[in-house]
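Single-structure report; data block below.
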Amino acid sequence: MRNMTANSGSKARIALGLCFLVGAFSHADPAPARADETCNSPFMTGLIKGQEQYLHVWTLGEKGVGDESDKLVTVDVVPGSPTYGKVIHAISVGGRGEAHHMGFTDDRKYLWAGRLDDNKIFIFDVGSDASTPKLVKIIDNLAESTGFVGPHTFYALPGRMLVQALSNKQDHGGATGLITYNNAGDLVATTPMPLGNGGDGYGYDIAINPGRNRMLTSSFTGWTNYMMDLSQLIQDGSAMKNFGNTMVMWDLKAMKPEKVFSVPGAPLEIRWALKPGADWAITAGALTSKLYLVKEDENHQWQAKPVADIGDPSKIPLPVDISISSDASSLWVNTFTDGTARLFDLTNPEAPRQVYSKKIGAQVNMVSQSWDGKRVYFTSSLLANWDKKGVDNEQFLKGYSWDGKELKEDFVVDFHKEGLGRAHHMKFTARQQKAESN
Amino acid sequence: MKAKGALAPFAIFSLALMLASEPALGANTPIPMVLDLPAPGTYALQRIQRVPEAQLLDADDRPMALSVATRGAITALAFFYGHCVDPGGCPVAWSAFEALQKEAASDPLLRGRLRLVFVSLDPTHDTPTIMCLLQRSENAETLPPWRFLTSRSQDDLAPLLANMGQDIAFETDATGKLTGVVNHMLKVFLIDPDGWAREIYTTAFLSPDNLINDARTLAMAHPEASNRSGERW
């Protein structure tokens, strides 16, 4: 069965032939892509391979800044547009609940955005008019209905949204799980992270390789830690022990953990290589300042191993978000402490090497790049209680051009001056996102 | 059976030509592969959503409730349109369904339990006449049944598409004229005898192996399933 060819569909060709006879015209879409803008679910449609039009920033409300409420901020990012680099829309959702990450549904019509403190999930319609997202639903019973708290990663499955929680309702520690909703927002299933046999129960990110029926998850920390002031946390030896040190390889179809890898120091974002046939993934350990590679060994056993240092680990640069190029040849790695973006050459994923760095600001967290890698965007906020204080609490969205040698700043949106708050996760949209078959 | 629409007779004539000539369209259809799947019956498929009711038309131009086409059996359902030539679209579903039908024909677990259903996204062009021709071409005594359904109008179809998350857009050219292309995200639904969608496949996950594996898993969980349940089957 695995060696089927397209020619098995002989009868299908009969119907295909009808197109020329009933007045339809040729439609030569490219082959479906495996992934979207390098970091989204491979099950998502509407790949933006050209110029993104809007950049949406899930923004934490900040006391004394604007209306102090969490909000979804939309910025025009089309060069030459009269409003290029400007905020064109913002929708406040009320209150401050630790706004964090977002994810599109499989059809890219809706954007789900979570809050780590009050566990609310906001669903925005971005398909009707991406320039003005509309809030259409709030899921506000996550803790009660699942026992988990801290909805972090939103990862599209066909017809569903898979949510990785960070903590649990009972003790606000790190034991947590995965939650599956259908696209209407109805709860479908809960799946605990593995505990025992090497599993530490923590969760953070999700990344799926559909061609191998494999899902990877990573691990962070529970509510008690991520809501604690960072300076207090790092002086609390006991609390500092409560970070995840594992990644888990899952059988996606069965939603069963298959293997637990030892990956010390809170492995965060996971990126599968998008190059066809390159079945490996990479992640960064926040506390160990290392890149880890997940790949099959010569015996076809999945393994995780450290492959590079990120900066000087002894200085705790705190690597945060990463962004892989669409051809898997390079990786942007942000280090929060020194506000620096670092580019690693991934030509040999077994031995990544830093080839470029640039200070983006006093602090930097998230990074998103366009499919062609020519545009790179950065935001500043990590967590409300982990962001720097005083003048170092810069809050921004910065857009850069990348010519392969140098990052050139194109625009800056100062989220304090604009009365917005703390800029966190970013997602792209375009007004006319043609539905692809992916 | 009544030919609906002015183009239908032309289409019938053309279909005959196609049957004779077997054009090479679709030769580049990408067939995704999914490796390392678990063995059938060793896992449970999630109950994702209830498949809504909808009033459709069968290939004999008679009203047919979608539930009649799905309930009681293990059903693989896809939305399609007859003139789709997107190599990553309907042809992928078509190839997967043909593989599934062929495999099921020789599998005692699936032979009497599996149904295949194609529902047209384009009732204007995909008349019952055309559905009838396609249905005849895809069915034989030795094969699990494959039904081709359409609807009276796009308005009739719209609620079903919305509920199933099947987003579509009719492409227009620079002058605003319809090109005939229906942009859509390919989705295949595997439905249990109680009317629950238990798996949804987009291109990245729609391999024949994956579909067959899941159909076998559902058949093991539903030994009572029968593709002859319901009077219209």
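Chain letters run A, B, ... following the sequence lines, proteins first and then strands; every chain starts at 1.
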- Task: Quick one: list whatever passes salt bridge (Lys or Arg N to Asp or Glu O under 4.0 Å) with A:Lys427, sequence neighbours left out.
- Result: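 Partners of A:Lys427 under the salt bridge (Lys or Arg N to Asp or Glu O under 4.0 Å) test: none.
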- Task: Please state whether the side chain, the backbone, both or neither of A:Asp186 comes within less than 4.5 Å of a heavy atom of chain B.
- Result: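 When you check distances to chain B, no heavy atom of A:Asp186 falls under 4.5 Å.
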- Query: Relative to chain B, which segment of A:Thr105 carries a heavy atom at a distance below 4.5 Å: side chain, backbone, both, or neither?
  - Reply: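 Neither the backbone nor the side chain of A:Thr105 comes within 4.5 Å of chain B.
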Which atom pair, heavy atoms only, marks the closest approach of [X] to [Y]?
X: B:Ala204; Y: A:Pro210; value: O-CB, 3.6 Å
X: B:Thr42; Y: A:Lys256; value: O-NZ, 2.6 Å
X: A:Asn182; Y: B:Ile48; value: ND2-O, 3.0 Å

- Pick from B:Val34, B:Leu35, B:Leu37: which one makes a side-chain contact (heavy atoms from CB on, under 4.5 Å) with A:Arg212?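 Among the candidates, only B:Leu35 passes.
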- Message: Any salt bridge linking A:Asp107 with B:Lys187? Criterion: basic side-chain nitrogen under 4.0 Å from a carboxylate oxygen.
- Response: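 No, this pair does not count.
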- Query: Sequence neighbours excluded, which residues qualify as side chain to side chain donor-acceptor pair (under 3.5 Å) partners of B:Asp214?
  - Reply: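 Side chain to side chain donor-acceptor pair (under 3.5 Å) check on B:Asp214 returns A:Lys253, B:Tyr43, B:Tyr201.
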- With A:Asn197 via side-chain contact (heavy atoms from CB on, under 4.5 Å) - residues at least two apart: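 Not a single residue meets the side-chain contact (heavy atoms from CB on, under 4.5 Å) criterion with A:Asn197.
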- Item | Contacting moiety of B:Ile168, where chain A heavy atoms sit under 4.5 Å |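 Looking at B:Ile168, nothing touches chain A.
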- Tell me the residues of residues 153-165 of chain A whose non-hydrogen atoms fall below 4.5 Å from those of chain B, in number order.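 A:Pro158, A:Gly159, A:Arg160 fall under the 4.5 Å cut-off.
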